[in-house]
Amino acid sequence: MTPNDRPVSGLHKRNPVQSLHKPAFELTGLGLGRGADTFDHDRILADLAANTVEPDSLPDGGLLVALAADALSKPSSLTIGTDGEDLLEDARADIAAGHFEIALALLEEYLGRFASHQEARFLRAYCLAHLADPRYEEALRILRPLRDEVTPKDLGERISTLRRELRRRLAPAEYKAYADTAARDPRGALARAAGFLELVPEDGSLCYLLAVGHARLGELDQALDVAESGVLEADGERRRIEELARLLRLTLLRPMAEPAARAFKTGNPQLARALLDGIEPRWRESGPIQDFERYLVLLIERGNPPSPPAPLLPDDRADDLYSLIAEDDVSRALELMDRGSLERAERLLAALMATVPRFRWLNFVYAICLYEQGRRPEQAEACVRVAMKDPTITQARDLLEAIHGWQESIVINPVVEQFVAVVDTLNGKASAAQLPRMRSRLVAVQEQIPALRKAARTADGRQAVERLGTATANWISELDKAEVVREFFDEYERIMTPVADGLKTVQDADQLAAALDALDGRIRAARTRTDLARGGDQDRTHPLDELADQVRARRAEAGSVHAAIEVSDLVRRFNTLMAPLTSGSPNAQLFEVMAALAKPLGQEAVRLRGRPGLDARGRQMLDQVIATIERLWP
C-alpha cells in the first residue's frame, strides 16, 4: 500500500449537521375559520368563573351608607307637593339612622301616592338592598327603568353607582348558574341569562354568552338580536360582541346572497344585481348587501372587466363583501383539504382567487393549500401577507413563519447535503490521496455560508447555518492538520523503510537515531504552532501526537539496538581474547599480555553497563565479562 492509498488516521468523527425540516402547520378551529376565538364560549365562561369576585368578599354596606349620607346632604332637585312630603323626609331620616324596614314602609306608602317619583324609587331600592335579609334582585328591578329615564345628574349618578354595586353582587351567581346549567340544559341556562340581562343590559360578558349560546343551538336570528343589542348597550366586551354580530350577520346573509354571488362568479353582474332585489326587505337594506349592489354597479359601469377591480370600500367592509361571494366556497375547499383532496381544493381556490383576489381569508386558505402541497412558496408567502391584514386571522403570522422555514430549507438543505456527503466519506476513512479533493469540496460549502445567512429567515434556520459554518470550518482545520500529519508520516516511512530488515551496525543505529531526533524536533515545532494558534490552549486530540509517540518509541529502539550491537561486539572481542585460555595452558608472558588487553575491555564493559536502553540480556552478558576479567586479573 502506497502512502497515498493509506486511510488517514486521526480525523475526529463529528455528528453531521442536520437538515432543516419543513415546519408543521395545523389550522385550528377548522370549522370556524376566521374569528374562531369570537365563538370561544367555553373559554370566556371559564375566564369569568376564574376572575369573578364572590359576593361575600365584596365590601360591606359602607358604600351604601355613603350613598345614603350623600342623598341626605343633597335635597331632591324635584318639586314635591305638600301632600306626603313628611313621609319622604321621615324616610330619609330613618335611612340615615339605619332603620331600613321603617324607611321602606314609609317609601311604599309615599309611592302609593306618587308612583313615578324617581328619588323615592331609588331610596326604596336602596333600602331593599340594605335589609338584614337583602333583596338585591328586587332592588335591581326597581332601578332598571330608572336607568333609561332622564334624571337629575346627581340622582342619575347615585342610581348608576347602586346598580353597579348590585350587579357586582348578583352577577357571580348568574355566571355560575349559567356555567352549571349550560351543558345539561342549554335552553334553561339561556332563559335565565336572558332574564338577568334584561336587568343589566350593559353586562357585555353575559350578552356575549347569551348570543353565542343561541348560535350554538343554531338560533342565529336570536343570537344576532342579542349581539346587536349588546353593541348598543354593553359596557364591556364591546369589540368581541361587535365581531360576533358581524359574523352572525354574514352567516345569515350568505344563503340569501348565494344566487347573486353565483351569477357574479360566472361573469354576469347584471343578473347578480337583479337577484339581490329578491332578498327580503329587512335584509336587503343591510350593509353587506348594499355594498354588494354598489360593487355590481361599479362592474357594470366599467363593462364587466375580466379582472375585477377592488371595491371602493374600507378593508373590513370589502372583506365582508368578499365573504358574501366566496366564504362558502372557501369552506368547501377546507373540507376537501381536511379529507386530503389538496389538488381539488387548489383548483377551487385558484378559481376564486381570479374572482376575489383580495379576499384575505381566501388568501390565507390558499396559502395553506400551497404549503401543504409544497408548491410555489413565493406565492404562498404573498397570499399569507394579504391574510395578515385581517386581525381576526390569528394564525396568519404562524403560517408565515412556517413558510419562511420551508423557503429557507429549500436553499439551505442542498448545501447541508453537500457537507454531509463529504463528512460521510471522511468518516469512512478517506485515503490520503482524497484529502485535497475533500478539502476543496468543504471550501465550496464554506463559500456558500454568507448566501445561506441571507436566506435564513427563522431562528432555526439561522442556527442551522451557523452550525454548518462552524462544522465546515472545523473539518477544514482537521484536514489541514491531516495534511501536515500525512507529510510527517511520509517522512517517517522514508526513514524507517531502509531499516525494515533490522539494524546491522552501530552506524546504522546512529543514523536512524539522528533522523528520528530531527523528525521529533519538527513534530514538536508543529505542535507548538498549533497550540499557539489556539491561543495557548493545548490541543489534546492532535493527530501528530500519535506519530510523535511512534517516533519516540522507534528512537528508543534505535538506542537499544545501538547498545545491543556494542555489547555483542565487545563480547565477541572478549571471547576472541579468551580463546587461548581454552586451547591450552598459557605461559606467564601470554597471560600478562592478555591482562593488558582484557582490562580495557572490562572498562568498556563497565561503561556500556551504564548505557540507557540496555536490555536485561545485555546487562547479564556484560556482568559476566566484567566478573571474568576481575577474577582472572584482579
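Just so it is clear, the structure is predicted and the values come from calculations on it, not from any experiment.
- The side chain to side chain donor-acceptor pair (under 3.5 Å) analysis of residues 307-318, with sequence neighbours excluded, yields the pairs D291-R317.
- Closest approach of T355 and A351 over heavy atoms only: OG1-O, 3.3 Å.
- Taking 4.0 Å as the cut-off between side-chain N and carboxylate O, R376 and E346 count as a salt-bridged pair.
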(request) Check the pair R240, E243 against salt bridge (Lys or Arg N to Asp or Glu O under 4.0 Å), reporting the backbone distance first and the verdict last. (result) CA-CA 5 Å; R240 191 186 299 274; E243 179 63 16; over 6 Å; no
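- Interatomic distance, CD of E237 versus CG of L206, reported as 11.5 Å (0.5 Å rounding).
- For the salt bridge (charged side-chain N to carboxylate O under 4.0 Å, His left out) test, no residue two or more places apart in sequence or in another chain qualifies with R462.
- Classified by interplanar angle (parallel below 30°, tilted 30° to 60°, perpendicular above 60°), the ring pair Y322/F359 is tilted.
- Within 6.0 Å of atom CZ in R344, 12 or fewer heavy atoms from other residues, nucleotides or ligands are found, so the atom counts as exposed in its surroundings.
- Using a 30° and 60° split on the angle between ring planes, Y295 and F264 fall in the tilted class, from 30° to 60°.
- Looking at R249 and S286, their side chains never bring a donor and an acceptor atom within 3.5 Å of each other.
- No side-chain donor-acceptor contact under 3.5 Å links T470 to the backbone of R467.
- Taking the charged nitrogens against the carboxylate oxygens, E242 and R246 have no contact shorter than 4.0 Å, which rules out a salt bridge.
- A salt bridge does not link R453 with E408: none of the charged nitrogens is closer than 4.0 Å to a carboxylate oxygen.
- Under a cut-off of 6.0 angstrom, the local environment of CD in E343 is sparse, with at most 12 non-hydrogen atoms contributed by other residues, nucleotides or ligands.
- The OG atom of S341 sits 11.5 Å away from atom CG of L348, with the distance rounded to the nearest 0.5 Å.
- No side-chain N or O of N268 forms a donor-acceptor pair with one of T266 less than 3.5 Å apart.
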(request) Give the C-alpha distance, both sets of side-chain angles, the deciding distance and a yes or no for salt bridge (Lys or Arg N to Asp or Glu O under 4.0 Å) between E401 and R397. (result) CA-CA 6 Å; E401 187 76 6; R397 186 162 296 280; over 6 Å; no
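- Enclosure of atom CD in Q507 is not indicated, since only 12 or fewer non-hydrogen atoms of other residues, nucleotides or ligands lie within 6.0 angstrom.
- Residues Q418 and Q448 bring a donor and an acceptor atom of their side chains to less than 3.5 Å of each other.
- For the pair D328 (side chain) and R254 (backbone), a donor-acceptor distance under 3.5 Å is absent.
- Using a distance-only test at 3.5 Å, with no hydrogens or angles considered, a donor-acceptor pair links the side chain of T251 to the main chain of L247.
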(request) Start with the C-alpha distance between I289 and L324, add both sets of side-chain angles, then the distance that settles side chain to side chain contact (heavy atoms under 4.5 Å, CB included), and finish with yes or no. (result) CA-CA 8 Å; I289 297 296; L324 286 182; 4.0 Å; yes
